[in-house]
K.L.:
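Below is the structure I would like to discuss, written out as structure tokens.
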2 protein chains.
Amino acid sequence: MAQAGTVDRILDTAEVLFAQKGFAETSLRAITSKAGVNLAAVNYHFGSKEALIQAVFERFLTPFSAALGAKLDEMEASGTPDTPENVLGIVSRLALGTHPQDPQRAATFFRLSGQAYSQPQGHLRDYLHTHYGAVFKRLQAHLQRAVPDVPPMELFWRVQFSLGAVIFTLSGMQSLQAISRSDFNLDVSAADITRRLLPFLVGGIQAPMPDQLKVES
Amino acid sequence: MAQAGTVDRILDTAEVLFAQKGFAETSLRAITSKAGVNLAAVNYHFGSKEALIQAVFERFLTPFSAALGAKLDEMEASGTPDTPENVLGIVSRLALGTHPQDPQRAATFFRLSGQAYSQPQGHLRDYLHTHYGAVFKRLQAHLQRAVPDVPPMELFWRVQFSLGAVIFTLSGMQSLQAISRSDFNLDVSAADITRRLLPFLVGGIQAPMPDQLKVES
DNA sequence: GTATGTTTGAAACGTATGTTTTGAACACAG
DNA sequence: CTGTGTTCAAAACATACGTTTCAAACATAC
């Protein structure tokens with residue numbers, strides 16, 4: 001990351017700063033000065049700040065969703081049974097392992113995702129849904145086979161709950177670690193949290209259905 | 001909300017706008033013009049924009065945490081057994097029912113909380129933790145009695161996971177409803193989602209422990 | 001009615017932001 | 001060398017923001 005081109009230096013720096021301080025709170029001047037490039041370079045290479053944000057996500061998500069697709073192919077080819085543990089395990093190992101040389105990278109990206117998802121107006125949310133919805137649905141289909149007793153709509157929501165638990169927790173890891181440290185005198189890593197997450201998610205996803213769900217207006 | 005005083009008109013409007021567009025993306029001018037008050041009124045009555053944000057949270061959270069404390073008193077007095085369903089049920093009914101005259105209000109506030117928690121630098125997160133941490137710990141203690149086999153630290157994280165699932169889902173309800181509608185042709189309300197959430201959370205919180213948790217640096 | 005303290009209104013201030021411009025530096029083909 | 005397209009650098013631009021100012025309006029008590 002030292003002598004990379006202007007474009008990559010911008011992307012690297014923007015990724016970190018966006019995760020640290022948020023989109024609106026990170027100015028182009030902060031990015032360009034820390035990256036050691038000229039202010040105008042962002043608009044020259046990306047067109048606008050919003051395009052920069054999208055580019056940051058694309059650079060991370062495209063390889064990730066491709067890797068996820070490949071893992072699902074593998075799973076189907078090898079006849080691995082569809083259990084919640086297997087399906088969620090793939091995602092978890094992938095999220096933590098796509099950038100083994102930089103263990104911080106995954107945490108940075110979860111923070112980014114958290115911000116993208118909690119942006120109320122939801123540009124990015126829609127963008128993610130349209131561009132990476134296919135792999136997502138494939139994943140959901142595997143989960144459905146793993147818990148056939150859970151109705152599809154219920155599973156849809158449970159997957160959203162899981163997403164929330166994951167992104168929310170890992171995006172706030174820094175603060176949460178401080179609390180955990182003061183309460184338990186113990187440090188935790190992203191891998192540690194993920195290991196704790198898995199049983200929780202499995203338990204939630206395959207929970208028995210409530211007796212009846214009434215729909216109101 | 002029609003003829004309220006300046007302070008309340010500001011708070012009402014700010015609450016809605018912050019939830020809709022975020023803190024940084026909502027200008028004082030947008031708030032004051034929509035509230036029909038002068039721009040300077042915010043700085044006059046609250047001192048600064050950040051103080052306004054805190055005031056919005058305080059106005060909602062203080063009654064809520066008081067009500068939660070009362071419900072816990074009630075539970076202890078009546079000898080209601082500490083089960084995950086009972087404890088989580090209290091919170092859920094409270095979150096949905098504190099403002100029965102305005103069902104939108106709860107959703108608005110969840111969106112607010114989502115933004116507060118995902119703000120990376122975490123002023124608000126710390127503020128919430130220090131001001132309302134006591135009730136929170138009390139709740140966690142009840143949960144601990146409900147699932148004595150789960151070690152305290154594990155429970156701590158599971159509560160965080162649950163918080164993530166709740167806030168994340170309800171803060172993104174609007175977008176998620178759109179997806180759900182297109183996938184299932186079905187509409188859902190906040191109460192509906194909450195009813196789906198409960199079994200998920202109960203399943204996650206009382207999930208069996210993984211065989212062993214190694215701690216890494 | 002006058003005086004006093006509080007609240008509002010309109011305008012201005014200083015600053016930070018995203019973006020645009022213009023020209024120099026550079027790489028490379030003819 | 002000359003010309004051409006690309007990248008970079010410095011400066012300026014326009015705008016939006018939070019905040020401050022100061023006088024007018026108001027309420028309340030004496």
K.L.:
Give a yes/no on whether any side-chain N or O of A:Ser27 is located under 4.0 angstrom from OP1 or OP2 of C:dT17.
P.N.:
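Checking A:Ser27 against C:dT17: at least one side-chain N or O falls below 4.0 Å of OP1 or OP2.
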K.L.:
Any base atoms under 4.0 Å from B:Thr32, or only sugar-phosphate, or nothing? Heavy atoms, all strands.
P.N.:
nothing
K.L.:
Pick the closest DNA chain D nucleotide for B:Phe23 and for A:Leu39 by heavy atoms, then say which residue is nearer the 5' end.
P.N.:
A:Leu39
K.L.:
Please pick, from D:dA9, C:dA10, D:dT19, the nucleotide with the shortest atom-to-atom distance to any side-chain atom of B:Leu28.
P.N.:
D:dT19
K.L.:
Determine, stepwise, if the pair A:Val166 / A:Leu197 fulfils side-chain contact (heavy atoms from CB on, under 4.5 Å).
P.N.:
CA-CA 7 Å; A:Val166 173; A:Leu197 253 167; 4.1 Å; yes
K.L.:
Side chains of A:Trp157 and B:Thr169: closer than 4.5 Å at any heavy-atom pair?
P.N.:
yes
K.L.:
Can a side-chain donor-acceptor contact be found between B:His131 and B:Glu58 if the only test is distance below 3.5 angstrom?
P.N.:
no
K.L.:
Strictly below 4.0 Å, N to O, side chains only: are A:Arg105 and A:Asp12 in salt-bridge contact?
P.N.:
no
K.L.:
State whether the number of non-hydrogen atoms from other residues, nucleotides or ligands found under 6.0 Å of A:Glu50 atom CD is greater than 12.
P.N.:
no
K.L.:
Measure the spacing between CG of B:Leu88 and CG of B:Leu143 and express it to the nearest 0.5 Å.
P.N.:
5.5 Å
K.L.:
Rounding to a whole Å, what distance do you find between B:Asn38:CG and C:dT8:P?
P.N.:
9 Å
K.L.:
What is the separation between atom CG on A:Asp8 and atom P on D:dC8, rounded to the nearest whole Å?
P.N.:
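Nearest whole value for this atom pair: 11 Å.
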K.L.:
Could you run through DNA chain D and flag its stems, i.e. three or more consecutive Watson-Crick or G-U pairs with both distances under 3.5 Å?
P.N.:
C:1-30 with D:1-30
K.L.:
Quick one: OG1 on A:Thr108 to NE2 on A:His99, what's the gap to the nearest 0.5 Å?
P.N.:
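If I round to the nearest 0.5 Å, the distance is 10.5 Å.
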K.L.:
Starting at CD1 of B:Ile10 and ending at P of D:dT19, how long is that distance when rounded to a whole Å?
P.N.:
13 Å
K.L.:
Starting at CZ of A:Arg29 and ending at C1' of C:dT17, how long is that distance when rounded to a whole Å?
P.N.:
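Whole-Å distance recorded here is 6 Å.
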K.L.:
Got a sec? Which of residues 40-49 of chain B come in under 4.0 Å of DNA chain C, heavy atoms?
P.N.:
B:Ala40, B:Tyr44, B:His45
K.L.:
Measure the shortest side-chain to side-chain distance between A:Phe200 and B:Phe200 over non-hydrogen atoms and say whether it is less than 4.5 angstrom.
P.N.:
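When only atoms from C-beta onward are counted, B:Phe200 and A:Phe200 do touch, with a gap below 4.5 Å.
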K.L.:
Taking CG from B:Leu17 and C1' from D:dC17, how many angstroms apart are they, rounded to a whole number?
P.N.:
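B:Leu17 atom CG is separated from D:dC17 atom C1' by 16 Å.
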K.L.:
Going through the distances and angles, do A:Phe109 and A:Phe57 end up as a ring-ring contact (aromatic ring centres under 6.0 Å, His included)?
P.N.:
CA-CA 9 Å; A:Phe109 190 71; A:Phe57 274 92; 5.8 Å; yes
